[in-house]
Amino acid sequence: MSEPGDAPGIPPPFGREHEELRATVRRFVENEIAPHVDQWEDERLFPRELFDRCGELGLLGLKFPEAYGGQGGGYLHDAIWVEELSRRGASGGVAAGLNAHASIAMPPIFKFGDEWQKQRWLVPGIKGEKIGALGITEPGAGSDVASLRTTARKVEGGWVVNGSKTFITNGVRADFLVCAVKTTEQGGHDGISFLVIDTDSPGYEVVSKLEKLGWHASDTGEIAFTDVEVPDEHLLGEENGGFKLIMSNFAWERLLMAIGAVGAMDELIETSVAYAGEREAFGRSIGSFQAIRHKIAEMATTAAAAKTLTYDTLRRFDQGEPVIREVSMTKLMTQRALVEVADQALQIHGGYGYMKEYRVERALRDARLGPIGGGTDEIMKEIIGKTFGL
Ligand SMILES: Cc1cc2nc3c(=O)[nH]c(=O)nc-3n(C[C@H](O)[C@H](O)[C@H](O)COP(=O)(O)OP(=O)(O)OC[C@H]3O[C@@H](n4cnc5c(N)ncnc54)[C@H](O)[C@@H]3O)c2cc1C
């Protein structure tokens with residue numbers, strides 16, 4: 001077992017063992033994802049087989065115990081996977097689809113699920129045989145999660161679900177939906193529960209696959225429930241205790257978004273430096289212009305600050321410290337930083353940056369979701385402000 005920063009050049013909280021995983025993941029992304037990403041983006045979906053392949057390599061279960069088919073690692077292993085998935089020519093859509101399953105839908109089942117639930121969804125999920133999605137957002141409830149209206153009515157032996165969800169990543173092809181529902185008349189903080197709904201249940205309907213600015217290789221679904229019968233055994237965690245589950249999941253989701261931004265910024269800087277060295281204007285390389293050098297300097301400074309903040313919050317989160325303020329700050333800072341860095345990278349690439357082949361336009365489109373998804377910038381500021389007792 002390696003210790004954080006136990007070899008020269010390895011930044012804490014990572015150790016030698018994590019860097020070995022990084023090398024493996026980097027090879028996998030470069031060889032088996034990057035060459036196909038353009039096609040998957042055009043097709044608006046990456047193939048289902050990628051889940052199987054990631055499962056086979058153990059990448060979907062890095063932080064889950066071996067007893068369930070996982071690798072027995074921890075958050076730091078997952079962080080390496082997510083960071084590498086965000087560079088080396090992967091895309092926001094590919095990362096979103098894989099992470100929505102492995103890092104957002106499965107963790108609540110591991111954390112709050114009973115043994116039967118783990119065997120039913122976590123074990124096949126880790127293998128990549130079943131794909132999961134997390135269903136919280138509704139047409140009338142985004143930032144204001146507590147106002148969700150999808151209702152689960154108690155009946156003999158289970159629940160009957162009616163309502164709808166929108167913007168659900170993996171929502172078109174998921175096999176199970178970890179779904180927030182209202183289980184009291186008034187709903188709200190003390191009236192939300194989670195049900196794991198098999199998507200082949202009668203009355204479960206994928207209404208549409210949404211067209212979006214970025215994340216093209218992932219399916220984002222709109223879902224409707226009409227008298228969907230869900231057995232009692234599908235209740236995840238405590239009845240009416242769903243708000244706690246939502247909150248516990250958000251911290252990791254937000255940190256993962258920050259880690260993804262760190263990987264994406266590194267990639268954009270490398271690409272921009274290489275381009276600035278090759279492209280000529282006025283008889284010299286554009287990298288020799290002070291304005292371009294300064295742009296690279298700004299990008300690198302922003303990325304370094306984002307990485308330092310993210311790694312420090314990750315270390316503290318991994319050690320079990322209460323980090324609500326820090327996670328919110330990290331999410332807020334890194335997502336804006338990535339948009340800024342992607343925009344500067346596009347500027348350095350000039351007209352070519354606007355063209356598909358150079359992939360900078362995709363990075364900018366993909367980055368724009370960061371300040372919205374997983375809790376908007378405005379909501380992050382609210383949370384941070386409230387931690388000061390205001
Ligand atoms: C591509 C994509 C994938 C997604 N994947 C998932 C998924 O897998 N599962 C899932 O459940 N959800 C998912 N989402 C939903 C995402 O989490 C929401 O879009 C997000 O939480 C914001 O909600 P909203 O879009 O309804 O915006 P709204 O809540 O309507 O906000 C609109 C604007 O008002 C601002 N605002 C709202 N409340 C306040 C306030 N109190 N103070 C100040 N400003 C405020 C917001 O910051 C924002 O600028 C996804 C979204 C997208 C676009």
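When a ligand or atom number is given, it counts from 1 through the structure's own listing order. Because the structure is a prediction, the values reported are computed rather than measured.
- By the 30° and 60° cut-offs, the orientation of the rings of His349 relative to Tyr275 is parallel.
- Checking atom 49 (O) of ligand 1 against the protein gives a heavy-atom contact under 4.0 Å.
- Between Gly135 and ligand 1, no pair of N/O atoms sits closer than 3.5 Å.
- Aromatic ring pairs are classed by plane angle as parallel below 30°, tilted from 30° to 60° and perpendicular above 60°; the pair His234 and Trp116 is tilted.
- Although no hydrogens or angles enter the test, the distance criterion places no donor-acceptor pair under 3.5 Å between the side chain of Asp343 and the main chain of Leu364.
- Checked against the 6.0 Å centroid threshold, Phe317 and Tyr75 count as a close aromatic pair.
- Considering only non-hydrogen protein atoms, atom 39 (C) of ligand 1 sits nearest to Ile379 CD1, 3.9 Å.
- For atom 45 (C) of ligand 1, the closest heavy atom belonging to the protein is Glu378 CB, 4.2 Å.
- Between the side chains of Glu298 and Gln344, at least one donor N or O sits under 3.5 Å from an acceptor N or O.
- A donor-acceptor pair shorter than 3.5 Å can be found between the side chains of Glu115 and Tyr68.
- Of the options Gly214, Ala141, Gly142, the smallest heavy-atom separation from atom 23 (O) of ligand 1 is shown by Gly142.
- Proximity of atom 32 (C) of ligand 1 to the protein is not indicated, since no non-hydrogen protein atom lies closer than 4.0 angstrom.
- The nearest heavy-atom contact from the protein to atom 20 (C) of ligand 1 is Ile372 O, 3.6 Å.
- Relative to atom 27 (O) of ligand 1, the option among Gly374, Ala180, Ser147, Ser143 with the closest non-hydrogen atom is Ser143.
- Near Leu134, with a cut-off below 4.0 Å to any heavy atom, the atoms of ligand 1 are 7 (C), 8 (O), 9 (N), 10 (C), 11 (O).
- With hydrogens and angles left out, the side-chain atoms of Ser193 and Glu239 include no donor and acceptor closer than 3.5 Å.
- Considering backbone and side-chain N/O of Ile168, none are found under 3.5 Å from N/O of ligand 1.
- Nearest protein heavy-atom contact of atom 52 (C) of ligand 1 is Leu369 CD1, 3.8 Å.
- At under 3.5 Å, a nitrogen or oxygen of Thr137, whether backbone or side chain, sits near a nitrogen or oxygen of ligand 1.
- Classification of Arg316 and Glu321 as a salt-bridged pair holds, one side-chain N sitting under 4.0 Å from a carboxylate O.
- Considering backbone and side-chain atoms alike, Lys212 places every N or O at 3.5 Å or more from each N or O of ligand 1.
- Neither the backbone nor the side chain of Ile104 comes within contact range of ligand 1; no heavy atom lies under 4.0 Å.
- Checked by distance only, ligand 1 and Phe167 come closer than 3.5 Å through their nitrogen or oxygen atoms.
- Within a 4.0 Å radius of atom 10 (C) of ligand 1, the protein contributes one or more non-hydrogen atoms.
- For atom 3 (C) of ligand 1, the closest non-hydrogen atom of the protein is Thr169 OG1, 3.3 Å.
- Close N/O approach between Thr376 and ligand 1 is found [any backbone or side-chain N/O within under 3.5 Å].
- Residues Thr151 and Lys182 have side chains that never bring a donor and an acceptor to within less than 3.5 angstrom of each other.
- In this structure, atom 35 (C) of ligand 1 has no protein heavy-atom contact shorter than 4.0 Å.
- Under the 30°/60° scheme for interplanar angles, the aromatic rings of Phe225 and Tyr204 are found to stand perpendicular.
- With ring centers used as reference points, Trp81 lies 6.0 Å or more from His18.
- Residues Ser91 and Arg362 have side chains in contact (heavy-atom distance under 4.5 Å, counting atoms from C-beta outward).
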